[in-house]
Amino acid sequence: MSSQTDEPPVRFWSVDDVEALDFDPAMQEMLEDGGLARIRMPHGEGDAWVATKYEDVRLVTNDPRFSRAQLAGRDITRMAPHFIPLDDAVGFTDPPYHTGLRKTVASMFSRRRIEELRPRAEKIAEDLLDAMEQAGAPANVMEHFNTPFSVAGISELMGVPEEDWSRIIGWTLLVISSAQGRRRSEQAKEEIGAYFDALATQRMAEPRDDVVSHMAAAEKEGRLSRKELVAFAVLMEVSGINSVRFNSANMVYLLLTHPEHHARLLAEPDLLPQAVEELLRFIPHRNAVGMGRIATEDVQVGEVTIRRGEPVYASYVAANRDPEKFQDPHSLDFDRSFNPHLAFGNGPHYCAGPWLARMEMQVMLRGLLDRFPGLRLAVPPSDIRWRRGELIRGPEAIPVTW
């Protein structure tokens, strides 16, 4: 059992000096130290534990003694000035209640269902690339391709009409922004929540084959409250857009700054799905850590005891670079066939749409490689500007030519 005197020192964790897609030095130090670390982040109160080793992360994210529901009312230390999900979001629930909520949309995000959407996704990509080619080089590939494609993918599945996509992208960017301040982010959450509330009312009266209609049916049957529906819809829309938008942009940047990897995908098209998995593992897609958990009883993790009531975080980004799990973890290796990465999370809160994200990123990269085999950065890599003070890492723009 650990005592107050033998706990690790508290590390203040800020990400202000992490450049581009560099691996966070603080994560590297915590990995090298092994075990759980103690951290304090810029917002909230007190300290917290954080797991960085692969097996520790799996334990913390899968053990029912670590609760998301008990975050309610706790102002725990965190990177952002506010919690991103709405208060009634599925992210703040625990099994078995959490399991029931996810079942309301599970069939819409199955692998089979998503594969049926691939031809439509390929057509959207083709049309966007046509427009980018017609606009001519140099072009910001994020503006022409990554952003509109990511908005279209999740929005069509959710049932958001195309005429509303521009409003949706504005809200989603504000919701995940820490730079705009808590008040503006909270306002954006309220506005997008009101939007999905109204959309659910429409779908209740006139159902379609989309996620919001399935959720509205669940509400009608008493399996979902309206607040839960709205919070779940907002979470899926926001995460579905931003995770694909920035992760796909990070992938484009890495390929254009790793010419040997770019050349391999041009020469070996069948390698793409495996390459996407390695890119997902390799890319440090977020700053610091996401949502924490609260220990509901004393839990021994390695050599430390997390006491009842203490907050604990898990870093999927760090776990994906654990040398005890991945050989040569800091190398981007498209030949890595055994790749049990945690880019989509782990345990009950595993991402609801991993097959959608995989399919979209495969379609986007395949489209770019086929249409523009000579694609290259239009500026030196050092001129690319990166999002600062934000929760999700990624470039602000990627100027390209071909």
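What you see is a predicted model, and the numbers here were worked out from it, not measured in a lab.
- Listed for the Trp171 side chain is no donor-acceptor partner under 3.5 Å among the backbone atoms of Arg167.
- The nearest pair of heavy atoms linking Phe109 to Gly353 is CD2-CA, 3.8 Å.
- Taking a cutoff of 4.0 Å between a charged side-chain nitrogen and a carboxylate oxygen, Glu55 and Lys53 do not qualify as a salt bridge.
- Remark: side-chain polar atoms of Thr77 are paired, donor with acceptor, to backbone N or O of Met41 under 3.5 angstrom.
- What you find for Met132 and Ala139 is that their closest heavy atoms are CG-CB, 4.1 Å.
- Defined by atom type and a distance below 3.5 Å, a donor-acceptor pair is present between the side-chain atoms of Glu237 and Ser155.
- Ring orientation note: the planes of His261 and His258 are nearly perpendicular, at an angle over 60° on the 30°/60° scale.
- In this structure, Trp386 has its ring center closer than 6.0 angstrom to the ring center of Tyr253.
- For the pair Arg38 and Trp49, the cation-pi test (distance below 6.0 Å, angle within 45°) is passed.
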Check your understanding: Yes or no on salt bridge (Lys or Arg N to Asp or Glu O under 4.0 Å) for Glu396 and Arg387, after CA distance, side-chain angles and deciding distance?
Key -> CA-CA 6 Å; Glu396 292 183 2; Arg387 291 160 51 79; over 6 Å; no
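- Across all their heavy atoms, Ala200 and Leu229 have their closest contact at CB-CD2, 3.6 Å.
- Closest approach of Leu21 and Pro284 over heavy atoms only: O-CG, 3.5 Å.
- Ion pair Arg388/Glu19 flagged as a salt bridge, since at least one NZ, NE, NH1 or NH2 atom sits closer than 4.0 Å to an Asp/Glu carboxylate oxygen.
- Glu32 places no side-chain N or O within donor-acceptor distance of the main-chain N or O of Gly34, the cut-off being under 3.5 Å.
- Side-chain contact check for Tyr316 and Asn346: no donor-acceptor pair (N or O, by modelled atom type) lies under 3.5 Å.
- Side-chain contact between Val252 and Leu365 is present, with at least one heavy-atom pair separated by less than 4.5 Å.
- Judged by a 6.0 Å distance limit and a 45° cone about the ring axis, Arg321 is not positioned over the six-membered ring of Phe326.
- Residues Asp298 and Thr305 have side chains that never bring a donor and an acceptor to within less than 3.5 angstrom of each other.
- Ion pair Glu278/Arg336 flagged as a salt bridge, since at least one NZ, NE, NH1 or NH2 atom sits closer than 4.0 Å to an Asp/Glu carboxylate oxygen.
- A salt bridge between Glu122 and Arg366 is absent, with no side-chain N of the basic residue lying under 4.0 Å from a carboxylate O of the acidic one.
- Distance alone, capped at 3.5 Å, is enough to place a donor-acceptor pair between the Arg286 side chain and the Val289 backbone.
- The main-chain N or O of Pro354 is never found under 3.5 Å from a side-chain atom of Arg111 such that the two would form a donor-acceptor pair.
- Between Glu206 and Gln202, the side chains place no donor N or O within less than 3.5 Å of an acceptor N or O (distance only, hydrogens not considered).
- Of the charged side-chain nitrogens involved, at least one lies within less than 4.0 Å of a carboxylate oxygen, so that Asp130 and Arg371 count as a salt-bridged pair.
- The aromatic rings of Phe372 and Trp402 sit tilted, their planes meeting at an angle between 30° and 60°.
- Arg11 and Asp33 are joined by a salt bridge, as a carboxylate oxygen and a charged side-chain nitrogen come within less than 4.0 angstrom of each other.
- For the pair Asp209 and Arg113, the salt-bridge criterion is met [side-chain N within less than 4.0 Å of a carboxylate O].
- Residues Arg307 and Glu310 are not paired through a salt bridge, judged by the lack of any N-O separation under 4.0 Å between the basic side chain and the carboxylate.
- Remark: the backbone N or O of Asp197 is paired with a side-chain donor or acceptor of Thr201 at under 3.5 angstrom.
- Look at Asp333 and Arg281 and you find no salt bridge, because none of the NZ, NE, NH1 or NH2 atoms lies under 4.0 Å from a carboxylate O.
- Annotation for Leu368 and Val141: closest pair CD2-CG2, 4.1 Å, computed over non-hydrogen atoms.
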Review point. Does the pair His341 and Phe282 meet the rule for a side-chain contact (heavy atoms from CB on, under 4.5 Å), with working shown?
Key: CA-CA 9 Å; His341 65 75; Phe282 182 82; over 6 Å; no
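- Ile124 places a side-chain heavy atom less than 4.5 Å from the side chain of Glu156.
- Using a distance-only test at 3.5 Å, with no hydrogens or angles considered, no donor-acceptor pair links the side chain of Ser67 to the main chain of Thr296.
- With respect to Arg208 and Asp210, no salt bridge is recorded, no charged nitrogen being found less than 4.0 Å from a carboxylate O.
- Judged purely by atom type and a 3.5 angstrom limit, Asp56 has no side-chain atom pairing as donor or acceptor with the backbone of Ala51.
- Trp355 is not listed as a side-chain neighbour of Glu115, based on a closest heavy-atom distance of 4.5 Å or more.
- Residues Lys189 and Glu186 are paired through a salt bridge, judged by an N-O separation under 4.0 Å between the basic side chain and the carboxylate.
- When all heavy atoms are compared, the tightest approach of Ala318 to Leu31 is O-CD1, 3.5 Å.
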Return all side-chain donor-acceptor pairs below 3.5 angstrom for residues 239-246, not counting sequence neighbours, or 'none' if the list is empty.
from: Ser239; atom 1: OG; to: Leu235; atom 2: O; distance (Å): 2.6
from: Asn242; atom 1: ND2; to: Thr172; atom 2: O; distance (Å): 3.3
from: Asn242; atom 1: ND2; to: Val238; atom 2: O; distance (Å): 3.2
from: Ser243; atom 1: OG; to: Ser239; atom 2: O; distance (Å): 2.5
from: Arg245; atom 1: NE; to: Thr147; atom 2: OG1; distance (Å): 2.5
from: Arg245; atom 1: NH2; to: Thr147; atom 2: OG1; distance (Å): 3.2

Review point. Where do Leu271 and Arg264 land on the side-chain contact (heavy atoms from CB on, under 4.5 Å) test, with the steps shown first?
Key: CA-CA 8 Å; Leu271 186 63; Arg264 279 202 70 186; 3.5 Å; yes
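- Side-chain contact between Asn146 and Ile398 is absent, with no heavy atoms from C-beta onward closer than 4.5 Å.
- Using a 4.0 Å cut-off between charged nitrogen and carboxylate oxygen, Arg68 and Asp94 do not count as a salt-bridge pair.
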